[in-house]
Structures are given as C-alpha cells and as structure tokens.
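Just so it is clear: chains get the letters A, B, ... in the order the sequence lines come, proteins before strands, and each one is counted from 1.
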There are 2 protein chains.
Amino acid sequence: NVSTVDAKTSHVTHIFPGLVNIAAFVPSLSASKAALSAGFTTSLVIPLGYGNEICDRETLDQARANISASSAYGNYALSVAASPTNSKTLEEELQTDVKSLFIPFDQGNVATQVSVVAAHFASWPVDKPIVTNAKGSDLASVLLVASLNNRSVHISDVQNREDLMLIKLSKAKQLKVTCDVSVYTLFFTRDQFGAGVKALPTADDQAFIWQNLEVIDAFTVNGPPFYVSVELGEKGSPWSGVEESLPLLLTAVAEGRLTLRDVQERLHDNPIRIFGLPEQAHTQVEVVVNRSSIFPKRGKYWSPICSKPVKGAVHRVVLHGQTVFLDGAFIAVPNGKDISAAAVSHAP
Amino acid sequence: NVSTVDAKTSHVTHIFPGLVNIAAFVPSLSASKAALSAGFTTSLVIPLGYGNEICDRETLDQARANISASSAYGNYALSVAASPTNSKTLEEELQTDVKSLFIPFDQGNVATQVSVVAAHFASWPVDKPIVTNAKGSDLASVLLVASLNNRSVHISDVQNREDLMLIKLSKAKQLKVTCDVSVYTLFFTRDQFGAGVKALPTADDQAFIWQNLEVIDAFTVNGPPFYVSVELGEKGSPWSGVEESLPLLLTAVAEGRLTLRDVQERLHDNPIRIFGLPEQAHTQVEVVVNRSSIFPKRGKYWSPICSKPVKGAVHRVVLHGQTVFLDGAFIAVPNGKDISAAAVSHAP
Ligand SMILES: [Zn+2]
Ligand SMILES: [Zn+2]
Ligand SMILES: [Zn+2]
Ligand SMILES: [Zn+2]
Ligand SMILES: [Zn+2]
Ligand SMILES: [Zn+2]
Ligand SMILES: [Zn+2]
Ligand SMILES: [Zn+2]
C-alpha cells in the first residue's frame with residue numbers, strides 16, 4: 001500500500017499496516033484505546049517500568065490479569081526481565097509464555113554484571129529474542145556476550161552517539177544486533193525545555209542519530225514521554241508519547257527528513273521481523289500527511305507539542321476489518337489478543 | 001630443567017630459562033643491569049609511561065637512541081602506542097620495526113573511542129600483537145572489537161574482579177584473548193600501606209585474581225611499583241618492582257600458593273608464545289627457593305619489602321653462556337639486542 005512517490009508528492013492520505021510499539025512503557029495502558037487510536041495495533045510491553053516488574057510466574061500472571069481487567073483493545077505481548085538470580089529459575093513454560101527476555105540496566109546501577117548477562121544468554125532459548133536497554137560500558141559488555149555466543153540481541157532506547165557508534169560498528173561486522181530509538185529522542189533535546197531533561201539526548205547526540213538513521217531498526221514510544229513530564233513537573237496523560245508519535249514522524253516526512261517508507265520499516269516491517277510477530281489481517285492505519293493542524297490540548301494534561309503546529313495526523317484505524325477509530329472518535333469494543341507466545345518467522 | 005616435584009620438595013636451587021618482562025615501564029631502564037640481575041633477560045617496553053610516548057617514527061627512533069645510550073644489558077623490544085589520529089600514519093616499515101601495537105587507556109580519560117580502536121584493529125597487521133591496558137567499559141569495547149574482527153588481543157595490567165571476569169568469559173568462548181597482572185597486584189593491596197593507594201587492587205579484587213590464576217597468562221613488572229612509590233611519597237629506585245618480583249613470587253612458591261611451573265609459564269613460556277619472541281640460547285636464571293633471607297635495603301630507596309623476610313632469591317643469571325650476575329655481583333658488559341622486529345611462531 002506504500003507508493004514509491006510518497007515522499008515526493010503532497011498526497012493527503014497514506015495507508016500504513018497496523019503499527020507496532022516494541023517498547024510500551026506502562027503495562028496496563030499499552031493495549032489501551034489511546035494506543036489503538038494512535039495507530040499502534042500491537043504493543044510489546046517492557047517488563048520493567050515505573051513500579052512494574054515482570055520477573056517470574058507470579059508477576060507475569062499479575063501483569064496479564066491487569067491488562068485483561070483494563071480491557072485490551074489492541075494486541076499485546078509480555079516479556080520477562082532478567083535478574084541476577086533468575087537465570088536458573090525461568091523454566092521452559094514461562095519462557096514459552098513470553099515474547100522475549102529483557103535485560104535491564106539502570107544508568108548508574110552497576111548491579112547487572114557481565115556474568116549475569118552471560119548466564120542469561122546461556123540459558124535463554126535461541127529462538128526467542130533478547131532485548132536490553134544497556135548503555136555505555138554495559139552495552140559493550142552485552143554486545144561482547146552476544147558476539148561470543150553468536151546470538152542476536154536487540155538494543156532498546158539508544159540515546160547517544162557512542163552507543164550508536166558501537167552498534168553501527170557491530171552491524172558492520174555482521175553481529176546480529178538491532179536497535180531502536182524512542183520518537184521523543186528523535187524530536188526533543190535535553191536543553192530545549194530549559195531544564196536539562198536527562199531523559200532526552202543532547203543536540204549533538206540527536207544529530208548523530210539522525211545522521212545514522214539507517215542503523216536504527218525501529219522507533220518506539222518507550223519511557224521518555226513519561227520521564228520528561230516527571231522531570232519537568234508536568235502532568236502526563238495516558239496518551240503521552242503514544243499520540244504524539246505519528247504526528248511528529250509525519251511532520252518529519254512533510255519536511256523531507258523521513259520518508260513514509262522509513263516510518264513503516266521502523267514501526268511495522270522491522271518490528272514484525274525482529275520479534276517474529278504475527279501479521280494482522282485487514283488491519284491498517286490511514287494517515288493524513290502534509291496537512292497542517294494544531295496538536296490538540298488534552299484537558300489538564302501536558303504534551304511537548306500541545307497547541308503547536310504539526311503536519312500529519314491519524315485519520316482512521318481499521319482492526320480486523322472493523323473501523324475502530326475515525327476522525328478523532330473511538331468506536332471499538334475490546335478485541336486485543338495476547339500474542340506473547342506467538343512466534344512467526346519472517347524472512348528478512 | 002623443571003622438575004615436577006619442585007613445589008613439593010624443599011630443594012634449594014632451581015633453574016628457570018631467561019625471564020621476560022612483557023610490560024617494562026621505563027624505556028631507558030628496561031634493559032638495565034637491574035632487570036638482568038633480577039632475572040629478566042628480555043624486556044618489552046610499554047610505549048607510554050611516565051613522560052614517555054612512542055607513537056611515530058621520530059619518537060621510536062628517540063627511544064631506541066635512549067636505550068642504546070644507556071647501554072642495553074638484556075634483550076628488549078619496543079612497541080608503538082595507538083592514538084586517535086595515527087591509525088592511518090603507522091606505515092608498514094614502522095609496523096615491521098616494532099613488537100606490537102599498544103592501545104592506551106587512562107582511567108577517567110574517555111578519549112580513546114571505540115571507533116579509534118576499530119580503526120587500529122582494521123589497519124594493524126594480523127601477525128603482530130595488539131596490547132591494551134583497557135579497563136571496565138573500555139575493556140568490554142576492546143574485547144568486542146577483537147571478537148568482531150576475530151583478532152587476538154593481550155590485556156595488560158588487569159587489576160580487578162570485573163575485568164578478569166570479562167576476560168575469563170571471553171576465553172571460555174574461545175576469544176583469542178590473553179592477559180597479565182603485575183606482580184605488585186598479586187602481593188600488595190590498596191589499603192595495606194594505610195593510604196588508599198590507587199595503583200593497587202582492593203583485597204577483594206586481589207583474592208579474585210588469585211582464585212582465577214589459570215586465567216592469567218603472564219606476570220609483569222609494569223607501572224604499579226613506580227606509581228605506588230609516587231602515591232606514598234617514597235623514593236623508588238631504578239630497581240623498583242624488578243628486583244622484588246622473583247623474591248615475592250618465590251616466597252609464594254615456598255608458601256604453596258604458586259608452583260615453580262606457574263612462575264615459568266607466566267614469566268617465560270607464555271610471554272615467548274604470545275609475543276613470538278626468540279628463545280635465548282644458553283640463558284638461564286638460577287634461583288634459591290625455600291631459604292629465608294631479609295630483603296636488602298638499597299640505600300635511600302624505598303621498597304615495600306625492604307628489611308622484610310622473603311623465601312627466595314636470584315642466585316645466578318647466565319646470558320648466552322656467560323655468567324652475568326652471581327651472588328649479588330654484576331659482572332657483565334652490555335650485550336642486549338633489539339628484538340623488536342624479530343617474530344618467531346611458537347606452537348601453543
Ligand atoms: Zn501513500
Ligand atoms: Zn504487516
Ligand atoms: Zn482478524
Ligand atoms: Zn475523515
Ligand atoms: Zn627445580
Ligand atoms: Zn625459552
Ligand atoms: Zn647467544
Ligand atoms: Zn653462590
């Protein structure tokens with residue numbers, strides 16, 4: 001459905017397949033109306049967020065129950081977080097029940113040692129993805145372990161020049177590494193809100209990321225929208241980051257910084273392939289490109305682009321043949337499925 | 001010449017082949033009388049020390065002239081230091097004229113980026129060793145680059161648990177990595193002189209190193225003897241570290257913590273193999289083991305073991321069939337050769 005002249009024409013509508021957010025930050029909201037309205041028909045939930053952690057059977061079942069209770073509108077998948085102690089206790093049944101293993105690193109936290117990473121690489125099934133948010137020295141260690149084990153690894157939430165350089169170098173040497181950046185990392189910088197927001201990149205790092213877009217396999221929503229609002233003392237909404245994503249990306253398309261194909265590759269094609277996700281039949285996201293509008297203010301909630309001009313918007317979302325969102329109105333019943341255990345092999 | 005009952009008997013003398021210090025710290029002293037008297041018949045000079053740097057043709061020729069002027073008593077080899085800018089300027093003739101490429105990392109200095117490391121790995125000849133003192137995140141990056149390039153690398157001056165763990169893990173996965181620790185790292189700790197000496201390991205790190213001695217390929221003199229005396233405000237001698245090495249190691253042999261074979265492997269066999277050094281004919285170091293003595297005080301100079309009991313000493317050094325040191329007396333003429341360009345392949 002993608003025309004090759006997309007980036008050059010000023011056509012008004014374009015149809016994407018259902019988009020995938022491979023780093024959904026808050027479990028209970030990831031399959032929400034907000035995500036679906038924003039074009040994300042599939043969400044992979046990070047098993048470690050603000051006050052959430054999925055690290056064993058009990059916490060996995062609890063997260064599943066939470067999503068279920070909050071009514072899943074889109075498809076979702078859960079993953080499990082590696083800990084220093086659980087490499088031996090993630091039994092096969094649990095491994096089967098989740099999409100991936102997430103190896104978490106908090107910046108400034110030296111707890112996840114390389115021996116722990118190595119233990120998880122040794123015990124995690126080769127056909128299931130391993131994801132990490134490792135940065136700096138931790139990233140080098142994880143890439144080393146992946147290289148030594150000849151395993152693939154996905155690096156989530158790349159934020160700076162050095163980390164992207166390391167990934168670029170590894171890709172050039174045929175290491176099976178993929179990576180994503182959050183949409184906020186692409187469009188906002190640390191200093192633009194006048195407060196030195198740590199959750200955002202420096203202007204220099206951001207420029208390097210744009211210069212090396214071919215190294216970036218996926219765009220995500222991830223944690224920055226949440227952390228930026230926390231750092232600025234603003235009130236984020238359940239829609240934070242999700243609903244800004246396509247308008248920001250489509251504005252970049254209108255400005256010639258991205259093509260529609262760039263967006264589809266990073267919000268659908270590559271996520272589907274990297275995570276072995278099932279294709280969603282009769283599912284599409286109809287967007288308007290190159291038409292200026294003002295991003296709406298959502299009540300008392302803050303957004304970095306509220307009341308600002310954007311050049312693109314979601315017009316319609318169709319899920320399994322049913323229109324679920326049209327011209328700002330949500331008209332669906334909960335119909336999301338847990339696809340954690342589904343694994344489909346797509347040729348690269 | 002090594003008897004298998006060495007470690008168990010209390011025999012008085014033992015004969016080592018000529019020992020190799022693969023990390024000699026001060027160029028002008030590395031082939032000195034002191035080194036030879038201490039049993040080191042070959043010294044590989046680190047091209048970056050206290051006020052010294054060999055990074056191009058000019059500085060290489062200058063270092064060579066300095067050693068020559070100071071009269072070389074033992075064999076020596078020079079290496080060249082990688083810099084962010086010299087990966088393209090180390091022409092073939094210079095590569096041939098040095099023993100190895102040394103990629104330096106100062107702790108707290110983030111200057112040597114992974115892209116620089118990668119550039120040097122890409123341009124340095126595959127049959128010449130690459131050595132680095134990388135630690136922490138830099139070490140992980142260097143090991144990653146080595147792994148991605150399927151190249152061997154030698155890690156010099158390992159000082160802590162995490163770094164040794166990373167090397168151990170890499171070895172277990174068949175990465176061609178070797179490493180050394182300095183003799184001072186084995187025998188002195190950060191806190192034992194009451195001053196938090198940064199050039200020495202913590203007791204915990206030191207214990208881990210001893211527990212993983214099979215991962216350590218070589219012992220060296222290196223920088224700690226110099227830096228310890230500087231940090232303590234003591235006056236080190238030209239013999240610092242060199243003359244303490246065998247007495248410290250032989251005391252550990254007497255105490256059953258090491259075998260004579262452990263020492264020979266790490267001060268001769270492995271260095272010869274890793275660095276492709278020529279064997280020295282009719283060259284040997286005769287030591288006394290298991291006989292207590294007091295380590296001498298050398299005039300105004302400080303040593304961490306001066307006036308303390310040790311259980312081993314160098315009795316005689318024979319170089320090319322000539323006794324050059326006997327019972328404390330040095331009786332040689334300068335006869336050291338520059339073996340920088342010599343490359344001999346020894347079967348592992
Ligand atoms: Zn189109
Ligand atoms: Zn699709
Ligand atoms: Zn359907
Ligand atoms: Zn409409
Ligand atoms: Zn013996
Ligand atoms: Zn030999
Ligand atoms: Zn000879
Ligand atoms: Zn004698």
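Taken from NZ in B:Lys173 to CG in A:Asn150, the straight-line distance is 10.0 Å, to the nearest 0.5 Å. In this structure, the separation between CD on B:Glu162 and OG on A:Ser141 is 10.0 Å, given to the nearest 0.5 Å. Going from atom CG of A:Leu169 over to atom OG of B:Ser115 covers 8.0 Å, rounded to the nearest 0.5 Å. In this structure, OG on B:Ser147 lies 7.5 Å from CG on A:Leu175, to the nearest 0.5 angstrom.
Annotation for A:Glu92: atom CD does not count as buried by contact number, only 12 or fewer foreign heavy atoms lying within 6.0 Å.
If you measure heavy-atom distances from B:Val142 to chain A, you find no contacts under 4.5 Å at all.
The residue among A:Ala118, A:Ala146, A:Ser170, A:Gly136 with the most heavy atom pairs within less than 4.5 Å of chain B is A:Ser170.
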